[in-house]
Amino acid sequence: MSDGTARFTLDPAFTIGDVSPRLFGSFVEHLGRCVYTGVFEPDHPTADAAGLRRDVLALVRELGVTVVRYPGGNFVSGHRWEDGTGPVERRPRRLDLAWRSTETNRFGLSEYIDFLRKVDAEPMMALNLGTRGVAEALELQEYANHPGGTELSQRRVSHGDKEPYGIRLWCLGNEMDGPWQTGHKTAEEYGRVAAETARAMRQFDPGVELVACGSSSQSMPTFAAWEATVLEEAYDLVDFVSLHAYYEEVDGDRDSFLASAVDMESFIDNVVATCDHVGARLKSKKRIQLSFDEWNVWYQARFRDAGLPEWDEAPRLLEDNYSVTDAVVLGSLLIALLRHADRVTVACLAQLVNVIAPIMTEPGGPAWKQTTFFPFAQASRYGRGRALRVDVDSPVHETARYGEVPLLHATATMDDATGAITLFAVNRSLSEPLPLEVDLRGAAVGKVIGHGVLADADPEARNTLDAPDRVTPRTGQGTTLADGTLRATLEPMSWNVIRLG
Ligand code: AHR
């Protein structure tokens, strides 16, 4: 029985796993204004010689993004990679069927790689397995990664990029289980194409890391059967299976929304179980990793109501403006990923700029941070090293969607080089503060270095063009560490980062 205080014990001997730096990835899709007037706006006052917005580059660096998935998303399933290469004036304008937009191709492969180098992030390239297949995947791989001396690699050199791009991480298509996907396939059809593409790509480079499409969400009717069938075909040929999940508040049910990580954690557990079941059937010692390469809060109902454009260039699409409530949920989703750091070794916040994004821009105007920027930046900065095992004993409350849920959602990481420990904690109660006690028995930490809080008396508070700094993290009060016990009070509906050294 809980006395109203949430508790857990932290012992550095009990580890979940090393946190992969790739857990802090993001996603740039040719969708709406993510690319055009987002990362790329040649006429912007801050644009560099390549047309990249320097104000956005600075924010992306501050966000701490380690990997950027590109160029889609649904967009990739009708995309011809060659369109985004070579002299800009010769690049074709194309219809993008996924988002009913016109694609100018002014930004393409070379610009993406240049962008990554400027923000110090790794490429994660998605392949079109919707309208295309093995041959085009191999051509892209050779164009991108072969040093020179062949038609395709020399084409890249002639386009101004002498050095190969060195892309290691590839997605074998996008959401191929979804009927909305251009070139949608059954699990059997996709499993064969994924396996054949993977086999061929490994002939070029055995060291590539390949992600097979899992389900587009846990609620898909084919969920789990899809993963099992695809992996029966491709288990030995791929390294990861993908997961996608988006959450939103429905019908004012904020308690369930704040518990969205319950779904995310069960999704992860179920995909791990499915992968390991196939591994057991195949008598394989190999363990498939999870790539949670699309996750976020996304108000899909608003998007459905707004409808799609009529072939506009860079239309305003999916430009959700996030509240402090959304940011607390996003923090909780980050906690869920860290709690599964042993198996989730790639994750991409979808997306990076303007489109369901932590960074917003105005064409010709400023760039600013949404509320969701802060938990991501803090987790990327401090959530490194080893994820420690955290089993909470917490007061609970009832939610319509997930039943009884603990009010505390928490994880912790330890940096072995310094011995510093960071706790990440969310109080899911809308109205009540949550007292927290952490027994730090085996941990050699003596003081609280800092307690950052994201919370607001107004759960609807958000940052906008007119008030870009309305919501920012502040310092938590009254947090102490004495006699091996940390004591804190977590404000109602708050995201907390407590650093111990
Ligand atoms: O991120 C927006 C869209 O969500 C992506 O294009 C697609 O993969 C997913 O359904």
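Indexing begins at 1, ligand by ligand and atom by atom, following the structure's order. In what follows, every heavy atom counts, from backbone to side chain, and hydrogens, waters and symmetry copies are set aside.
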In terms of its nearest heavy atom to atom 1 (O) of ligand 1, the top option of Y246, W180, W298 is Y246
* To do: Assess F75 for proximity to ligand 1: is some non-hydrogen atom of it under 4.0 Å away?
  => no
re atom 6 (O) of ligand 1, the protein heavy-atom contact at minimum distance is E29 OE1, 2.6 Å
Is the closest basic N to carboxylate O distance between K185 and D177 below 4.0 Å?
no
A student checking ligand 1 against W99 at a 4.0 Å heavy-atom cut-off should list atoms 3 (C), 6 (O)
Among non-hydrogen protein atoms, atom 2 (C) of ligand 1 lies closest to Q351 NE2, 3.5 Å
Judged by heavy atoms only, the candidate from E175, H244, E294 nearest atom 10 (O) of ligand 1 is E175
query: Should the pair R22-E209 be classified as a salt bridge under the 4.0 Å nitrogen-to-oxygen rule?
result: yes
Going by the 4.0 angstrom heavy-atom rule, the piece of V355 near ligand 1 is neither
Is the shortest side-chain N to carboxylate O distance from E82 to R155 below 4.0 Å? no
- Does the side chain of N174 pick up a donor-acceptor pair with the side chain of Q181 at under 3.5 Å? yes
Q. Does the ring centre of F374 sit less than 6.0 Å away from the ring centre of W495?
A. no
